[in-house]
Amino acid sequence: MCATAGSRPADQQACNTEPCVETQLRLSAVQAAQMVPAGSALNLTWSGGLQDGRVSASLQQVAVGVAGQLLANTTWQDAGLGLPVDVENTLSSRWAVPASLASGQYLLKLTSSATPANQDVLATPLVVQGTVGYELTLLPVGLGARLGTAASLQLVVYGTHGQTAATHLSLGAAWSAGGGA
């Protein structure tokens, strides 16, 4: 329709024949040490890239656990993490953080599919708070010791950021059923 000026209707503009310019990608900052629960969703926003281009996000774990034991020799990953990979450059995307993602500190990188050198990495790691399973085993101490039928205890778990969780456990029925009484 834009081949010759006389062939287009009067209400249309001339075609843009200039090549698209790719600008530097910039991930929007997240709050310092932002806590992201595993199994939740995180909105990712950025600017730049190639208009009508494609982008991919990847993740690099830089510390283990919420407290942050540093790792050496880590690699960027995207497979199996639900990250936006080779998606349209719409300047935003929603990341469904896998419930199975381990607790730790992660850097997030956004890369242009057209120009892989055009990338940006968050300056501050995201802190993923994963679910940690615990198993409690109670054993009587001493030869012939027994917990009895009315055994109970208070279980308190202390988190790394001052969080605590407490519960009262009554072991009488479970202990009796297991033959311990």
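All heavy atoms count here, side chains included; hydrogens, waters and symmetry mates do not.
With hydrogens and angles disregarded, no donor-acceptor distance shorter than 3.5 Å links the side chain of Thr45 to the backbone of Ser92. The backbone N or O of Val85 lies less than 3.5 Å from no partner atom in the side chain of Ser56, so there is not a single donor-acceptor pair.
For the atom pair OG (Ser58) and CG (Leu107), the distance works out to 10.0 Å, reported to the nearest 0.5 Å. Remark: Trp46 CH2 to Leu27 CG distance equals 8.0 Å, nearest 0.5 Å. Here the straight-line distance linking atom CZ of Arg26 with atom CD of Gln119 works out to 11.5 Å at 0.5 Å rounding. Taking OG1 from Thr90 and CG from Asp52, the interatomic distance works out to 11.0 Å, rounded to the nearest 0.5 Å.
For the residue pair Ala38 and Pro98, the shortest heavy atom distance occurs at CB-O, 3.5 Å. Minimum heavy-atom separation, Gln61 to Gly104: NE2-CA, 3.9 Å. The minimum heavy-atom distance between Ala41 and Arg94, with the atom names listed, is CB-NH2, 3.3 Å. Across every non-hydrogen atom of Pro37 and Ser40, the tightest pair is O-OG, 2.6 Å.
Contact of the Leu101 side chain with the Leu81 side chain is registered, since non-hydrogen atoms from C-beta on lie closer than 4.5 Å. You'll find the side chain of Val62 stays beyond 4.5 Å of the side chain of Leu71, heavy atoms only. Contact of the Gln60 side chain with the Gln77 side chain is not registered, since no non-hydrogen atoms from C-beta on lie closer than 4.5 Å. Contact annotation: the side chain of Val97 never approaches that of Tyr106 to less than 4.5 Å [non-hydrogen atoms, C-beta and beyond].
Taking hydrophobic clusters as Ile, Leu, Val, Met, Phe, Trp and Tyr residues chained together by side-chain heavy-atom distances below 4.5 Å, Leu25 shares a cluster with Leu122. Following chains of ILVMFWY side-chain contacts shorter than 4.5 Å, one can reach Leu110 starting from Leu42, so the two form part of one hydrophobic cluster.
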Assess whether side-chain contact (heavy atoms from CB on, under 4.5 Å) is satisfied between Arg54 and Glu88, documenting all intermediate values.
CA-CA 4 Å; Arg54 302 184 76 75; Glu88 290 184 33; 3.4 Å; yes
Start with the C-alpha gap between Val55 and Val87, add the side-chain angles, then the distance that decides, and say whether side-chain contact (heavy atoms from CB on, under 4.5 Å) holds.
CA-CA 6 Å; Val55 295; Val87 297; 4.0 Å; yes
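Residue Trp76 is tested with Thr111, Leu108, Val121 for a side chain to side chain contact (heavy atoms under 4.5 Å, CB included); the sole match is Val121.
Between the side chains of Asn89 and Gln51, no donor-acceptor pair of N or O atoms lies under 3.5 Å.
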